[in-house]
Amino acid sequence: MLQKIIYPILIISLLFFYPYLPEYMDRWIMTLFLVIGFVVLILFFYRKEHILTLRKHYLIHSFLFLLGYIIVHFQYPLDYVLGNVSESNFFIWVNKSIVVKSLYLSLIGLISFIWGYSLYKNKPKASRVEAHEIAVPTQSLVWISAILLALYFYTVNPLYLFGYYGSVSMGTTATYVILLFQVFIFAILIQNIRNMRLKKIVPSSFIDYIKHQGIFLLIIIIIYLLSVMFSGDRGPIITFSIAYVAGYFFVTGKKLSLIRTVAFAILAALFITILGMTRSLDKDMSFSDRLKESIGQSQFSEPSILPQTIELAGSIRTFHTVVDFVPDRHPHTLGRFQLQQIVVSIPFSSRLLSFLPESDHYRFKSPASFATWIIQGDNPTSGAGTTSNADLYVEFGLLGILVGMFFFGVFMRYAEVTFYSSTLPLLFPHILAFVYLCDALYIARSSILFGFRTVVWIYVVLLINRFIFTRR
C-alpha cells in the first residue's frame, strides 16, 4: 500500500520540476534522477509478491521489459555520470540541451509504469475456458510453416541474407511471407502448450518438452533463425528463443531464477551487440570473417559500465533525436502512430487510414520511420529504429509518456498474471500474454503496440484451425 502512495507523490513532485530543467548536461541533476530511479527499482523488486506462481520467477513480462528499458534509457546517462562517456559524443546525445529532459522523461516513464503495474489486482481471475474445449492438432500448421519458409527463401532479396539487413529490403513478398511464418510458428507453440495443459501432460525435462513440441518444428525454427543471424537482424532470435522456452515454464510450472534470467539477458544483449557490429563491417567479407573480427576487435571507443549491452543502449540516440525535433520543428502526431498500429492488425486494411494528411509519406509509415526520417531525410539508407518512450513522446509529449507507460504497466501485470495462472486462460488473453512476454525485452527499443498485429493474426489462425478440426 505504501508503494502505491509513493509513486504518484514522486511523479507530482517531478512534474513541478519540469519547467526548470537545465538545458545543459548537469551532472548533479542527472545523478539525482538516476538515484531516484534506482530507489524506485529497489522498492519494486523487493516488494512482496502475493501470487505464488510468480514468486521468485523472473521470466516474466515486467522483469524483462524493465531490464530492456533500463539498458536503453539509463545506461548511457549512467556512463556519463561515471565519467565513461564524454558529453561531446553527439552521435548519442544529439543535442546537449535536451539530454537532461530526455532522462527526466525516462524517469517519469519508469515510475508511471511501476505505478500502473502496482495498481492492478493481484488475484488472477478464475479460468473461463469452455468445458468442451479439446486439444487441437497442429500438424497442418507445421506443414504450412515449412511451405512459408521455403517461399521466403525463394522470394527474399539474396543480398538481405548476406548481411545487408538495414541497407536493403528483403522484398515486399518476402516481408509478408515471413510475417505469416512467424504468426504460424507462434500459433503452433501456443496451441501445443494448450494441448499439453488440456491433456495434463507435464514434460519431465526440457528435452521431453522439445519432443512434445515436435522435432520437425524445432528444425524449421533453427533454419529460420540461422538465416536471421546471417542477415544481421537480431530481434527474431531473442523473440523466438523466449517463445520456445516460455512454453516450457507455462506447462511445467517451473520457475527461472534471477541469476539465470540475468545471465540469459546479458548473453542475449551481447549477442545483439556482436551481430550489430558484424553487420556494420565490410559486406564483401564472409559472414564468418566479419563475426570473428567483431568478436576480436576492440569493441567500443568509450568504456561502459556494461559493455555487453552498449549496442542496445545506443537506441537512446533515437529518443534524443525525437525529443530534440518535436515539437520545436514538427508538431506532435496526436495518436496517429498508435491508431495505425491498431488498424494494420486487420488484414488488408492498409488503405483505411489513407484520409490522414500525407499518409503516403515515409515519415508517417511508423514511429521508427519517423525517427529515421528526422536523422536521414526523405531517402534513408538504413533504419534508425525507435524506443518505447520515443514512440509515446512523438504522439503527446510528456503526457504521452506519463499516461501511456502507466496503462502499459497495468497491462503488463495483467499479462503476466494471465500467462502464469494456475488455470488455462482463454485463448485471446493467452495469445496476448504470450506475444508480449516474447517481445518484452525488445519493446524498450521498439513500440508498445509492436506485437498487437501478431496477436490478432495468431488468434485468427488458431480459430480457423480449431473450426476445421472440430467440424470433422
Side-chain angles (χ1 to χ4, degrees), residues 1-14 30-75 77-78 81-82 103-104 106-124 242 246 249 253-269 305-306 308-309 312-313 388-389 401-402 405-422 433 436-437 440-441 443-444:
M1 179 60 70
L2 179 62
Q3 291 190 31
K4 295 178 182 179
I5 299 173
I6 290 175
Y7 300 137
I9 291 175
L10 267 176
I11 289 175
I12 292 172
S13 301
L14 286 168
M30 293 176 70
T31 301
L32 174 62
F33 288 165
L34 289 169
V35 169
I36 293 173
F38 179 76
V39 172
V40 167
L41 288 170
I42 291 295
L43 289 173
F44 175 74
F45 286 118
Y46 278 90
R47 78 195 188 284
K48 183 178 180 180
E49 176 58 72
H50 297 285
I51 298 179
L52 186 60
T53 55
L54 296 175
R55 194 173 298 167
K56 294 184 178 180
H57 199 346
Y58 295 95
L59 189 66
I60 57 176
H61 302 68
S62 59
F63 184 84
L64 293 179
F65 171 73
L66 285 174
L67 193 60
Y69 186 89
I70 293 164
I71 292 171
V72 169
H73 293 100
F74 290 95
Q75 181 168 331
L78 179 58
V81 166
L82 295 176
L103 179 57
Y104 169 89
S106 297
L107 179 60
I108 289 288
L110 173 67
I111 300 172
S112 296
F113 175 87
I114 293 176
W115 182 26
Y117 179 96
S118 67
L119 290 180
Y120 182 78
K121 294 179 182 179
N122 283 324
K123 293 183 179 180
I242 295 175
F249 292 103
K254 295 180 179 179
K255 300 177 182 180
L256 193 63
S257 68
L258 175 61
I259 294 176
R260 290 184 178 181
T261 305
V262 172
F264 168 80
I266 292 177
L267 286 173
I305 189 172
L306 194 59
Q308 294 83 357
T309 60
L312 179 61
S388 54
N389 281 347
I401 292 178
L402 177 60
M405 291 301 290
F406 174 85
F407 284 107
F408 190 57
V410 174
F411 166 74
M412 289 297 265
R413 177 61 175 177
Y414 161 78
E416 67 186 26
V417 168
T418 298
F419 188 76
Y420 287 111
S421 171
S422 57
Y436 270 86
L437 174 60
L441 189 62
I443 289 174

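This structure is a prediction, so every number in the text was calculated from the model and none was measured.
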[Y] side chain reached by [X] side chain, heavy atoms, under 4.5 Å:
X	Y	result
Ile108	Tyr104	yes
Leu306	Thr309	yes
His61	Leu441	no
Ile11	Ser112	yes
Leu34	Leu107	no
Leu119	Tyr7	no

Can you measure from [atom1] ([X]) to [atom2] ([Y]) and round to the nearest 0.5 angstrom?
X	Y	atom1	atom2	value
Leu41	Ile70	CG	CD1	4.5 Å
Trp115	Ile6	CH2	CD1	13.0 Å
Ser106	Ile111	OG	CD1	11.0 Å
Ile9	Leu14	CD1	CG	12.0 Å
Leu67	Leu312	CG	CG	8.5 Å
Ile71	Leu66	CD1	CG	11.0 Å

What's the verdict on ring-ring contact (aromatic ring centres under 6.0 Å, His included) for Tyr420 and Phe249, showing C-alpha distance, side-chain angles and the deciding distance?
CA-CA 9 Å; Tyr420 287 111; Phe249 292 103; 7.8 Å; no
Closest approach of [X] and [Y], non-hydrogen atoms and distance?
X	Y	answer
Met412	Ala440	CE-CB, 4.1 Å
Ile60	Leu437	C-CD1, 3.7 Å
Phe63	Tyr58	CD2-O, 3.4 Å
Met405	Gly109	CB-O, 3.5 Å
Ile443	Ser388	O-CB, 3.7 Å

Do the charged groups of Arg55 and Glu416 touch, with an N to O distance under 4.0 Å?
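Glu416 and Arg55: not salt-bridged.
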Should we count CZ of Phe38 as having more than 12 external heavy atoms under 6.0 Å?
no
Return yes when atom CD1 of Ile42 has more than 12 non-hydrogen atoms of other residues, nucleotides or ligands closer than 6.0 Å, and no otherwise.
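More than 12 heavy atoms, drawn from other residues, nucleotides or ligands, come within 6.0 Å of this atom.
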Compute both the distance and the angle, then confirm whether Arg47 meets the cation-pi test with Phe44: under 6.0 Å from the six-membered ring centre, within 45 degrees of the axis.
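Checked: cation-pi criterion met.
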I'd like to know whether the aromatic ring centres of Phe411 and Tyr436 sit less than 6.0 Å apart in this structure.
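They qualify: ring centres under 6.0 Å apart.
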Taking only residues two or more places apart in sequence or in another chain, which ones pass ring-ring contact (aromatic ring centres under 6.0 Å, His included) with Phe65?
Tyr69, Phe113, Phe408
From CA spacing to verdict: salt bridge (charged side-chain N to carboxylate O under 4.0 Å, His left out), Lys255, Glu49:
CA-CA 14 Å; Lys255 300 177 182 180; Glu49 176 58 72; over 6 Å; no
Applying side-chain contact (heavy atoms from CB on, under 4.5 Å) to Asn389 and Val72, what does each step give before you reach the verdict?
CA-CA 10 Å; Asn389 281 347; Val72 169; over 6 Å; no
